[in-house]
There are 2 protein chains.
Amino acid sequence: MSWTVGELARLAGVTVRTLHHYDRIGLVRPSERTSAGYRSYDARDLDRLQQVLLYRELGFPLEEVATLLDDPDADPAAHLRRQHRLLRDRLERTSAMVAAVEKEMEARQMGISLTPEERFEVFGDWLPEEYAGEAEERWGDTEAWAQSQRRTAAMSKEDWLRVKAESDDVERRFAAALAGGVPADSVAAMDLAEEHRQQISRHFYDCSPEVHGGLGRMYVEDERFTAYYERIAPGLAQYVSSAVQANAARQG
Amino acid sequence: MSWTVGELARLAGVTVRTLHHYDRIGLVRPSERTSAGYRSYDARDLDRLQQVLLYRELGFPLEEVATLLDDPDADPAAHLRRQHRLLRDRLERTSAMVAAVEKEMEARQMGISLTPEERFEVFGDWLPEEYAGEAEERWGDTEAWAQSQRRTAAMSKEDWLRVKAESDDVERRFAAALAGGVPADSVAAMDLAEEHRQQISRHFYDCSPEVHGGLGRMYVEDERFTAYYERIAPGLAQYVSSAVQANAARQG
DNA sequence: CTTGACCCTGACGTGGCGTCAGGCTGTTGC
DNA sequence: GCAACAGCCTGACGCCACGTCAGGGTCAAG
């Protein structure tokens, strides 16, 4: 069985131009051409297109989709698992937004007005879906990642909110220490770092001091993590990083 | 209270460049400039930005967002109702995709392969969210929708007072039931809760039992809503919350 | 009075296609 | 046996919603 561009386009709900584009950039290439130069897609091409569309829907840039799909170590089942998790993330986020809108409606009805922070809450601290994707890419074959996956999968919404509240708390105290001029290698800062490490261990995976030190380095080396902390307070990424590494040295 | 671009950007989780862009195209303009030319956003500007971000998240092109928000016939409540519906559409679509991925996983596990039609089903008959906006315009032709739209959008002062009287009535009867020792999970209390739900559905938006249950939880979790009910009678927030949730459970 | 974070306005770049333009192919109907 | 028309091809340019410098002004802290 094979399909022409037009047929595949109708089937998949995209335009012919989109398929041309994907061919051009090498993302989804027809496995054959007719003698007249017509594109001819087979079942394996459909497979691939389906994967591409799902990742695209989840907000991945096409180039990243390509590297994901061309990774020889990632089998189809792994992609499905990842997509499943990402979709569930999106579900959660969307229901948070529904809840936010409902809250606004009720507030309006009662003549209450929400604080600005509350109103942007649902937009604010959202880490893009690609973040999760890359996190898996880096840690995908470690035992730590598997542990984290198992634990978070079993987490209810309330669990998750509780975990988030805890880490927000530590982050806020880090920010306060930074603002208060507490040195990153002071005992107080190291104690905060230790608390941070134990949180990770409790909720996600066994995080040894050395592993934790590695994380600390990443906070300043990986721009996405840096951005996350910098949005809480300027200089916080470096501060947390230093405190975490000082703590790791102390423990070692 | 006013905000600079940077502050607003952090608050809303967007970049400064985005705010510049929105200013340039006239989508969200700071209501003032300092003598030095700095943008200065006030609370009304935040309102607008929040609406813009929600519509953007839902996939509307910015130009369309502008015409939506600048429509003098559409009040804030109408926007919230529309956003609520669009978000619920997205929820539905996302869970359909989750189901599709789960189906694929299971099929793979059992060595079955799905038909191409099956596999693109979830993409295929999906028309982007902006289409839902158009769907509303279509539905706008039916009497029921148009009536409910007009009723709330163009609610006169008397209408509003009548609606308010209705909800005051239910609230008073809740207070009386509480004072009379009627249990929150009794049939009488649940009937009151049901009346409350139907009021919301009639006057504001489609409020399913589950949505209503969510509201109920908020009455005790959000201090401002709690304060609203507590001012009518001490213990009323918890009482209404319990009754609403008992009713939701009864309906489910 | 300097430093460093923050602000300004251009101006160009980019991703993911949409939209012609100009021309070849393949099937159906007469 | 050929006309007509739907469908395919390859450029090439356009567009949206910003990202990313460049070059320069502003402001609060020390």
Side-chain angles (χ1 to χ4, degrees), chain A residues 2-30 32-41 45 49 52-67 123 128 130 178-181 223-224 226-227 230-239, chain B residues 2-30 32-41 49 52-67 123 127-131:
Chain A
S2 75
W3 294 263
T4 70
V5 261
E7 288 164 357
L8 183 52
R10 266 204 315 283
L11 191 58
V14 299
T15 69
V16 169
R17 181 63 179 87
T18 300
L19 294 178
H20 282 177
H21 184 57
Y22 290 175
D23 186 5
R24 165 68 68 97
I25 66 174
L27 184 54
V28 182
R29 287 220 189 86
E32 275 202 84
R33 292 275 190 151
T34 71
S35 55
Y38 282 25
R39 290 172 178 81
S40 176
Y41 295 88
D45 301 331
L49 179 58
V52 166
L53 292 183
L54 236 166
Y55 279 126
R56 181 187 74 166
E57 170 86 28
L58 286 166
F60 285 82
L62 297 186
E63 204 180 312
E64 206 170 324
V65 172
T67 70
F123 299 109
E130 50 178 310
L178 168 61
E223 52 180 347
R224 284 163 320 214
T226 307
E230 290 299 301
R231 235 171 45 195
I232 301 174
L236 191 58
Q238 180 62 61
Y239 187 77
Chain B
S2 75
W3 293 263
T4 69
V5 260
E7 288 164 359
L8 183 52
R10 267 205 314 283
L11 190 60
V14 299
T15 68
V16 169
R17 180 66 178 86
T18 300
L19 293 178
H20 282 177
H21 185 56
Y22 291 174
D23 185 6
R24 167 68 69 96
I25 66 174
L27 183 54
V28 182
R29 288 218 191 85
E32 275 202 85
R33 292 275 188 148
T34 70
S35 55
Y38 283 24
R39 291 172 178 80
S40 175
Y41 295 88
L49 178 59
V52 166
L53 292 183
L54 235 166
Y55 278 127
R56 183 188 73 166
E57 170 86 28
L58 286 165
F60 285 81
L62 297 186
E63 203 180 312
E64 205 169 326
V65 173
T67 70
F123 300 109
L127 300 159
E129 273 123 336
E130 50 178 315
Y131 209 84

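Each chain gets a letter, A, B and so on, in the order its sequence line appears, and its residues count up from 1.
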Checklist entry - Rounded to whole angstrom units, what separation is found between the CD atom of B/E63 and the C1' atom of D/dC16? => result 10 Å
Checklist entry - Does D/dT10 have OP1 or OP2 sitting under 4.0 Å from an N or O in the side chain of A/R33? => result yes
Checklist entry - Given atom NE2 of B/H21 and atom C1' of C/dT9, what is their separation to the nearest angstrom? => result 15 Å
Checklist entry - How far does CG of A/L49 sit from OH of A/Y22, to the nearest 0.5 angstrom? => result 7.5 Å
Checklist entry - Is A/I25 touching bases, backbone alone, or none of the nucleic acid, heavy atoms closer than 4.0 Å? => result nothing
Item to check | Distance-minimising heavy-atom pair for B/A9 and B/T15 | outcome: CB-C, 4.0 Å
Any N/O pairs under 3.5 Å between the protein and nucleotides 19-21 of chain D? List them or say none.
{"from": "D/dG19", "atom 1": "OP2", "to": "B/T15", "atom 2": "OG1", "distance (Å)": "2.8"}
{"from": "D/dG19", "atom 1": "N7", "to": "B/R17", "atom 2": "NE", "distance (Å)": "3.4"}
{"from": "D/dG19", "atom 1": "O6", "to": "B/R17", "atom 2": "NH2", "distance (Å)": "3.1"}
{"from": "D/dT20", "atom 1": "O4", "to": "B/R17", "atom 2": "NE", "distance (Å)": "2.8"}

Can you tabulate the close N/O pairs, meaning under 3.5 Å, that link protein atoms to atoms of nucleotides 1-5 of chain D?
none

Checklist entry - Looking at the side chain of B/A36, which of C/dC8, D/dT26, C/dG16 is the nearest nucleotide? => result D/dT26
Item to check | Validation row: A/Y55, A/L62 side chains within 4.5 angstrom (heavy atoms) | outcome: no
Item to check | Side-chain N or O of B/R56 closer than 4.0 Å to phosphate OP1/OP2 of D/dC18 | outcome: yes
Next on the checklist: Treating A/E7 as the side-chain partner and A/T4 as the backbone partner, does any N or O pair qualify as donor plus acceptor under 3.5 Å?
Outcome noted: yes
Checklist entry - If you round to the nearest 0.5 Å, how far is CZ of B/R56 from OG1 of B/T18? => result 6.0 Å
Checklist entry - Do any side-chain nitrogens or oxygens of A/H20 fall under 4.0 Å of OP1 or OP2 in D/dC9? => result yes
Checklist entry - Once you round to the nearest 0.5 Å, how far does CD of A/E63 lie from OG1 of A/T67? => result 8.0 Å
Next on the checklist: Within this structure, what is the OH-CZ distance for the pair B/Y41 and B/R29, rounded to the nearest 0.5 Å?
Outcome noted: 10.5 Å
Checklist entry - Over how many whole Å does the gap from A/Y41 atom OH to D/dC8 atom C1' extend? => result 11 Å
Item to check | For the student: nearest non-hydrogen atoms of B/L19 and B/V5, plus distance | outcome: CD1-O, 3.4 Å
Item to check | Whole-Å distance separating the CG atom of B/L62 from the P atom of D/dC15 | outcome: 16 Å
Checklist outcome for this item: Ranking B/G6 and B/R24 by the position along DNA chain C of their nearest nucleotide, the one closer to 5' is B/G6
Checklist entry - To the nearest Å, how far apart are B/Y55 OH and D/dA17 P? => result 16 Å
All N/O contacts under 3.5 Å from nucleotides 22-25 of chain D to the protein, with atom names and distances to one decimal?
{"from": "D/dG25", "atom 1": "N2", "to": "B/Y38", "atom 2": "OH", "distance (Å)": "3.0"}

Checklist outcome for this item: Here the distance between atom C1' of C/dG26 and atom CD of A/E7, to the nearest Å, is 13 Å
Checklist entry - Rounded to the Å, how far apart are B/W3 CH2 and C/dC7 P? => result 15 Å
Item to check | Spacing between B/F60 atom CZ and D/dC16 atom P, to the nearest angstrom | outcome: 18 Å
Checklist entry - OP1 or OP2 of C/dT25 sitting under 4.0 Å from any side-chain N/O of A/R39? => result no
Checklist entry - If you look at every heavy atom in A/G235 and A/L178, which pair is closest and at what distance? => result C-CD2, 3.8 Å
Next on the checklist: Under 4.0 Å, heavy atoms only, any strand: does B/T34 hit a base, just the sugar-phosphate, or nothing?
Outcome noted: nothing
Next on the checklist: Please give me the minimum heavy-atom distance between A/V28 and A/D45, naming the atom from each residue.
Outcome noted: CG1-O, 4.1 Å
